[in-house]
Amino acid sequence: HSSALQVFKARTGALAGNVALPNDGLANPGLAVAPDSSRVYATFDSQTVVVYDVATGMVASTWQTTRALTWTATGTLTLSPDGQTLYTAGQVLTAFDTATGNIRGTVNPPGSSGSYSFVGSAVSSDGGTLYASYAAQIGTGSGLATIDTASLAITGSASLGSELQQPVLSKDGSTLYVPDAIDSLLYVVSASNLAATGSIALQGPIATATLSADGSALYVPNSSTASTLAVDTSSLAVIASIGVGGTANPQIGLGGPTAPSGRAMAAASLSLASSQTAFPRSARLRTESCAAIRPAPRALRSPATIRPLSW
């Protein structure tokens, strides 16, 4: 198995960097970009984190952690707002000091030992609280936990859904939006008490969600139809479907960040042939018109590719 972290110029589509990512054949991808854009943290299997130096275009270091043992785990890396701590989801949640690469501490998921793995997380704007999803390592069943980042102690937890993925925190910090990869539901959860206040059924499988720059819409990739659904956060209604091409593998899915202006987003997709050769594509999507405006200039052969784009 092989995989790669590829860096593209968003305005031109030109390939700006390419480094190998360790890949044990199981997809638990994660990607995080430093606040000053100097570093990119990437993983494909959730147990090996590659630190990519943007200025040199080289791998600065590689960190080892525990992998998630759930059926699927997408969005396994979360960076603190100040960029000083990287949280990795796996059999335990690991906090890395990004300056040194040292482990600051770990957190065990709720439940009996060996029953659950962490899947993904979201951090509050002040960096003080981490909202982490976890799911059963065997069978189904999942939940959410709040973690105090200073003490790395769980301060609350609640069972929810079958296989929750990485949560997304609303702009005001009051609401979590959490995809369920098995039930194809997008849950709306109160950040204060982890109580579900609503949900919307989406054609699935789904695994990730991206919040628009103004917080008015969520973009949820649907890997079975190779499209990204735009969901109004006020009404929880699907307001558009954006075709992008991709894969029926929910462990990869489609996804990407919105530009700072909120007028475009990047989407990456992956198609697998029976020969295990993959043909990934990426596109910039204009969010106000919900139309694909530029495909990648060429298909790149790699069984798995994670692509950060700079705006």
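Residues L202 and V238 are in side-chain contact: their nearest non-hydrogen atoms beyond the backbone lie under 4.5 Å apart. In this structure, the side chains of F118 and V107 come closer than 4.5 Å at one or more pairs of heavy atoms. Annotation: side chain of V178 is not in contact with side chain of L186 (no heavy-atom distance under 4.5 Å). The shortest side-chain heavy-atom distance between Y134 and V119 does not fall under the 4.5 Å cut-off. Side-chain contact between L86 and V49 is present, with at least one heavy-atom pair separated by less than 4.5 Å. Contact annotation: the side chain of M58 never approaches that of V19 to less than 4.5 Å [non-hydrogen atoms, C-beta and beyond]. Under the 4.5 Å side-chain criterion, counting only non-hydrogen atoms from C-beta, T233 is in contact with L211. Within the 4.5 Å cutoff, side-chain heavy atoms of S80 are placed close to those of Y87.
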Subject >> Trace of the side-chain hydrogen bond (donor to acceptor under 3.5 Å, both in side chains) decision for T140 with S162 >> reply: CA-CA 5 Å; T140 60; S162 297; 4.8 Å; no

Original post:
What do the steps show when you test T72 against T70 for side chain to side chain contact (heavy atoms under 4.5 Å, CB included), and what is the final call?
Top reply: CA-CA 5 Å; T72 184; T70 57; 5.6 Å; no

**OP:** Begin from the C-alpha positions of V40 and L31 and carry the test side chain to side chain contact (heavy atoms under 4.5 Å, CB included) through to its verdict.
**Re:** CA-CA 7 Å; V40 176; L31 186 71; 3.6 Å; yes

**OP:** Would you check, one step at a time, whether the test side-chain hydrogen bond (donor to acceptor under 3.5 Å, both in side chains) holds for T74 with T208?
**Re:** CA-CA 7 Å; T74 302; T208 62; over 6 Å; no

Original post:
Between T106 and T94, does a side-chain hydrogen bond (donor to acceptor under 3.5 Å, both in side chains) hold up when you go through it step by step?
Top reply: CA-CA 4 Å; T106 61; T94 304; 6.0 Å; no

**OP:** Go through the steps to decide whether T98 and Q84 satisfy the test side-chain hydrogen bond (donor to acceptor under 3.5 Å, both in side chains), and finish with yes or no.
**Re:** CA-CA 5 Å; T98 57; Q84 295 181 11; over 6 Å; no

**OP:** Evaluate the criterion side chain to side chain contact (heavy atoms under 4.5 Å, CB included) for residue pair S170 and Y177; output intermediate values, then yes/no.
**Re:** CA-CA 8 Å; S170 63; Y177 303 101; 4.0 Å; yes

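Counted by atom type alone, S117 and Q137 present one or more donor-acceptor pairs between their side chains at under 3.5 Å. In this structure, a donor-acceptor pair under 3.5 Å is present between the side chains of S115 and S112. With no hydrogens or angles considered, no side-chain donor-acceptor pair links T76 and S46 at under 3.5 Å. One side chain, T155 or T146, offers a donor N or O that lies under 3.5 Å from an acceptor on the other.
A parallel orientation is assigned to the rings of W63 and F96, their planes being inclined by less than 30° (bins at 30° and 60°).
Among the candidates T48, T43, T88, the single residue satisfying the side-chain contact (heavy atoms from CB on, under 4.5 Å) test with T65 is T88.
Scanning both residues, S234 and D232, for their nearest heavy atoms gives N-OD1, 2.8 Å. A pairwise comparison of heavy atoms in L79 and A34 identifies CD2-CA, 3.5 Å as the closest pair.
At most 12 heavy atoms of other shown residues, nucleotides or ligands fall within 6.0 angstrom of atom CD1 in I138.
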